[in-house]
Amino acid sequence: MKLRETIDFIRSLYGKEAFIPLHAPVFAGNEKIYLQECIDSTFVSSVGRFVDRFEAMVAEFTGAAYAIATVNGTAALHVALKLVGVDEGSEVITQPLTFVATCNAISYCRARPVFVDVDKDTLGMSPDSLEAFLQKHAMVQGGVCINKTTGRRISAVVPMHTFGHPCRIDRIAELCERYAIPFVEDAAESLGSYFKGRHTGTYGRVGVFSFNGNKTITTGGGGMLVTDDEALAARAKHITTTAKIPHSYEYIHDEIGYNYRLPNLNAALGCAQMERLEEMLENKRATATAYRHYFEGVNDITFVEEPVDARSNYWLNAIILDSREERDRFLMESNGAGVMVRPIWRLMNRLTIYETCQSMPLDNALWLEERVVNIPSGVRL
Ligand SMILES: *Cc1c(COP(=O)(O)O)cnc(C)c1O
């Protein structure tokens, strides 16, 4: 393996710093101006104009009719699941190759994850595996999908666009339609990614984004729900803002809501970041192209390219090594040399908290878990 050469190549992209992080935020636009404006207004908390503006910017960028900001992506997922009807004792089909937030949000609704496999090329939910699961276990009864094997209701399907690479979301949408299952997209990693020309997160009844510090753009911490459903958008706003009935001085709440509001201060950061999003996406794309060319000349490493029919934001570039041994050697050497690289998350079905969940054969996910490494992907200055 061209180990030393590869580490040197990454260094050549990211300059002379002793430590090269996997991803780092860049604040090169109006961030300080908007933050100052926000502080001067004293509206730094749950009320303010930046929240509305940030929501409008994300809605416009993604093409969604409505966008509702939240305190983080996990909170957005929790509310999205609740709003499509995920409830206690039901089951939610997702992929084992994801960040733990996907499964935790399912658990917050007191539902159970069910795992189907991913595709090797997209790293996201495999429609073939989903279809095989549904054919074997699902039956639709009075407009409700039941898992014949467990007797529980299947209340949602949640695919995730891994590292920003869109999965085969059109086929997943079709299957959800056929089996009468609500469909929520975990698009936390895929702001700026499109499938067949349509922005990820807008195929599902609800889509969710994250603006955590390591994502393509950041608000420090933050999240967003997007939807075309007006009633659902109104409910999302209501229950993420403590379910308070609008009134100038009375405090009346008509259900148990959540304090999931995004502070205006964070939204100010978000507005400035959104203004630079296109530029950052182009910058990241150029980095991905440089990686692709480089790895074409390396026999035993495969660079993960954007899938067919998709345009990826290349949030985190990924490579596939030949074996677990090679991967471990690469992780050790590169991190040791100050070039941060990371293995894939421990698969959800292998975490103690989720190991008893029902699952399909997960051969692709297991194969990828042993071999995939993320390499530095931040915007280059
Ligand atoms: C980042 C992320 C989230 C949400 O994370 P927050 O840190 O809560 O904003 C959810 N799902 C996936 C797959 C993610 O990568």
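Counting starts at 1 for both ligands and their atoms, in listed order. All heavy atoms count here, side chains included; hydrogens, waters and symmetry mates do not. In this chain, numbering begins with 1 at the start of the sequence shown.
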What are the polar N/O contacts of ligand 1 with the protein below 3.5 Å, with distances?
from: ligand 1; atom 1: 8 (O); to: G73; atom 2: N; distance (Å): 3.3
from: ligand 1; atom 1: 8 (O); to: T74; atom 2: N; distance (Å): 2.9
from: ligand 1; atom 1: 8 (O); to: T74; atom 2: OG1; distance (Å): 2.5
from: ligand 1; atom 1: 9 (O); to: G73; atom 2: N; distance (Å): 2.8
from: ligand 1; atom 1: 9 (O); to: S210; atom 2: OG; distance (Å): 2.6
from: ligand 1; atom 1: 11 (N); to: D186; atom 2: OD1; distance (Å): 3.4
from: ligand 1; atom 1: 11 (N); to: D186; atom 2: OD2; distance (Å): 2.9
from: ligand 1; atom 1: 15 (O); to: E189; atom 2: OE2; distance (Å): 2.5
from: ligand 1; atom 1: 15 (O); to: K215; atom 2: NZ; distance (Å): 3.2

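Between R4 and E333 there is a salt bridge, since a side-chain N of the basic residue sits under 4.0 Å from a carboxylate O of the acidic one.
Side-chain contact check for S107 and R112: no donor-acceptor pair (N or O, by modelled atom type) lies under 3.5 Å.
The list of salt bridge (charged side-chain N to carboxylate O under 4.0 Å, His left out) pairs with a residue in residues 152-172, not counting sequence neighbours, reads D87-R153, E91-R152, D119-R168, D121-R168, D128-R171, E131-R171, D170-K196. Counting only residues at least two apart or in different chains, salt bridge (charged side-chain N to carboxylate O under 4.0 Å, His left out) contacts with residues 40-50 comprise E37-R49.
In the hydrophobic clustering (ILVMFWY side chains linked at under 4.5 Å, chained through shared members), I172 is joined by I93, V114, V116, M125, L130, F133, L134, V140, I154, V157, I169, L175, Y179, I181, F183, F195, Y203, M360.
Test L362, V372, T162 against L97 for side-chain contact (heavy atoms from CB on, under 4.5 Å) and you get one pass: T162.
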